[in-house]
Protein chains: 2
Amino acid sequence: MGRSPLWTAIRDHITEDIARGQYAPGDRLPTEAQLADRFGVNRHTVRRALADLAEAGMVHARRGAGVFVRHRPTAYPLGRRVRFHQNLTAAGRVPERRILLLETRIANAEEAEALQLETGAQVHVYEGLSLADGAPIALFRSVFPAARFPNMLAALRSSQSVTAAFAAHGLGDYTRARTEITAKPATPTLAAQLQLPAGAAILRTVAVNVDGAGLPVELGRTWFAGDRVALTLGAEGL
Amino acid sequence: MGRSPLWTAIRDHITEDIARGQYAPGDRLPTEAQLADRFGVNRHTVRRALADLAEAGMVHARRGAGVFVRHRPTAYPLGRRVRFHQNLTAAGRVPERRILLLETRIANAEEAEALQLETGAQVHVYEGLSLADGAPIALFRSVFPAARFPNMLAALRSSQSVTAAFAAHGLGDYTRARTEITAKPATPTLAAQLQLPAGAAILRTVAVNVDGAGLPVELGRTWFAGDRVALTLGAEGL
DNA sequence: GTCAATTTGTACGTATGTATG
DNA sequence: ACATACATACGTACAAATTGA
């Protein structure tokens, strides 16, 4: 036996193959038996290497099916300005947004407080699903003060873009004032909407966007599929 | 073989023994051979159980010496809900901090890549528990390049502060280069350490700190109890 | 829907290497 | 130097889940 264990060399070899694109996300690796044969080691030695890769989240084994390269969790930068479509497109993934609900109703207590509205004020609600490469990434629900943005729903229906809808109301620039992140198991309905197994972990963010004067213009709540998303804070984000 | 694998029963048995105080923090477990004999299984089956416990940080194996129980919190204020808002920028300031492990070892692949070390390089590991009002909030594990910070462990042992330990090595200023946040259900052992029900949601953050020149100095991984913590990002934090 | 082949998971066995005390 | 104890690595066999004919 050399300096370092045999299985580490195998792990590194497979890691490099994945990094080089030899095995792409979603691909199935050769079977354990084939890998053992190729590297000239016992199947258990391969399994030790695969166990390390699985622990690091690079691959995922399915009994009877094979070992698969994981999709890297979709990076979702949390910055002053979130650009969902640009970021996903830059990552080579196909972004999609599906409208689930557009309505106007009375703000509840939490919404009224966050948006600094009086009780009983009306808000527009925009609820939808964000997808990448066809897989649901997040369920979002945004509320806007109806008095200030009277045509919000129509604007959202045509563009699906919050930024564009704000621009249609003369609001060119808005920034994120506060974000709160928690985690909890998915409720059955939420799991179904995100196409996750029941009880899967959910990343919940609550964010408030404000205009240039600091007035709240949007309360956005998002429920991310915990294993499909990695919220990232870049250096500029701290 | 029954419904669930043999090794899980052995893992749970040992977990309960530790919880009951049969094996106290710092104690050495019986040898793998003794455990195999006691449970009437092969030594490898015991090793599979121990590997699971080690991965979650409940025990720690030292070649030639034995398997040791890590320090865990004793008090368990049941049903106590802690309201705790931790700001990421002030992540180093928590009411209480408990050291679970201080050791030096070879960096694994993920750590070596994040810290830009060559494979086989040594790292110092600082693992501990953050608590508020006696309830566990988060488990953290930080690794530092050993070559650059030779006295890290001693500095951490005396101060418990990463900032102070860096300062003792002449590093006055360091910044967060990248933070990644994901969510997933707690493993049984992690749930035990954070005193959560099995399957509870975990907020996992991975952060890299760099010095003024942009060189990585710390890879910090933290597992937050999803329902006891709300990570908040203020406007100044974006 | 069933059956058979494939593939990973579990469990045991044996031997040897390497660090500890 | 020596015994102890974990780490690695080989081997065998069968169970359980998946897949495709």
Side-chain angles (χ1 to χ4, degrees), chain A residues 1-14 18 23 26-70 197, chain B residues 1-14 18 23 26-70 101-109 119-120 122-123 125 146 187-188:
Chain A
M1 191 165 17
R3 277 185 48 253
S4 59
L6 239 185
W7 64 263
T8 61
I10 294 169
R11 174 201 61 194
D12 295 343
H13 194 118
I14 297 174
I18 293 175
Y23 308 119
D27 280 2
R28 208 194 72 176
L29 292 185
T31 70
E32 295 174 349
Q34 288 171 334
L35 288 171
D37 202 41
R38 169 182 309 176
F39 292 113
V41 300
N42 189 271
R43 185 183 149 218
H44 287 307
T45 308
V46 169
R47 279 179 66 75
R48 181 66 185 82
L50 290 175
D52 205 56
L53 291 173
E55 202 212 321
M58 289 197 67
V59 302
H60 173 240
R62 282 174 53 216
R63 173 187 287 193
V67 179
F68 299 83
V69 180
R70 282 204 100 105
Chain B
M1 193 168 9
R3 272 184 37 75
S4 60
L6 240 184
W7 65 264
T8 61
I10 294 170
R11 174 201 63 193
D12 294 343
H13 194 119
I14 296 174
I18 292 173
Y23 307 119
D27 279 2
R28 207 194 71 178
L29 292 184
T31 72
E32 294 175 349
Q34 287 170 334
L35 289 171
D37 202 42
R38 170 182 310 175
F39 292 113
V41 300
N42 189 273
R43 187 185 143 218
H44 287 307
T45 308
V46 169
R47 278 179 66 75
R48 181 66 185 84
L50 290 175
D52 203 58
L53 292 172
E55 200 213 320
M58 285 200 72
V59 301
H60 173 237
R62 284 172 53 216
R63 173 185 285 191
V67 179
F68 298 84
V69 180
R70 285 194 181 163
L101 172 74
L102 286 170
E103 70 167 2
T104 304
R105 60 163 166 76
I106 305 291
N108 66 31
T119 53
Q122 298 236 312
V123 288
V125 180
T187 60

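In what follows, chains are A, B, ... by sequence order, proteins preceding strands, each numbered from 1.
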What pairs of donor and acceptor atoms, side-chain ones from residues 46-53 of chain A against any protein atom, are under 3.5 angstrom apart with sequence neighbours left out?
| unit_1 | atom_1 | unit_2 | atom_2 | d |
| --- | --- | --- | --- | --- |
| Arg47(A) | NH1 | Glu32(A) | OE2 | 3.0 |
| Asp52(A) | OD2 | Arg11(A) | NH1 | 2.9 |

Tell me, please, which residues at least two apart from [X] pass side chain to side chain contact (heavy atoms under 4.5 Å, CB included).
X	value
Ala107(B)	Glu111(B), Ala112(B), Val123(B)
Asn42(A)	His44(A), Thr45(A)
Arg38(B)	Tyr23(B), Pro30(B), Leu35(B)
Arg28(A)	Thr31(A), Phe68(A)

Exercise. Given side chains that start at C-beta, do those of Met58(A) and Val69(A) come closer than 4.5 Å, heavy atoms only?
Worked result: no
Seminar exercise, completed: Paired to dA1(D) by Watson-Crick or G-U wobble criteria (both distances under 3.5 Å) is none
Using nucleotides 5-7 of chain C, report all nitrogen or oxygen pairs with the protein that are shorter than 3.5 Å.
| unit_1 | atom_1 | unit_2 | atom_2 | d |
| --- | --- | --- | --- | --- |
| dT7(C) | O2 | Gly64(A) | N | 3.4 |

Given atom [atom1] of [X] and atom [atom2] of [N], what is their separation to the nearest angstrom?
X	N	atom1	atom2	answer
Leu53(B)	dC6(D)	CG	C1'	16 Å
Leu35(B)	dA5(D)	CG	P	11 Å
His60(A)	dT18(D)	NE2	P	11 Å
Leu6(B)	dC14(D)	CG	P	18 Å
Arg48(B)	dT8(C)	CZ	P	16 Å
Arg105(B)	dA7(D)	CZ	P	13 Å

Problem set entry | Partners passing side chain to side chain donor-acceptor pair (under 3.5 Å) against Glu103(B) (at least two apart in sequence or in another chain) | His60(B), Arg105(B)
Exercise. In residues 37-47 of chain B, which residues come under 4.0 Å of DNA chain C by heavy atom?
Worked result: Val41(B), Asn42(B), His44(B), Thr45(B)
Problem set entry | Toward the 5' end of DNA chain C, by each residue's nearest nucleotide, Trp7(B) or Phe68(B) | Trp7(B)
Problem set entry | Residue that, paired with Val67(A), satisfies side-chain contact (heavy atoms from CB on, under 4.5 Å) out of Asp27(A), Val59(A), Ile14(A) | Val59(A)
Exercise. With sequence neighbours left out, what residues match Phe39(B) under ring-ring contact (aromatic ring centres under 6.0 Å, His included)?
Worked result: His13(B)
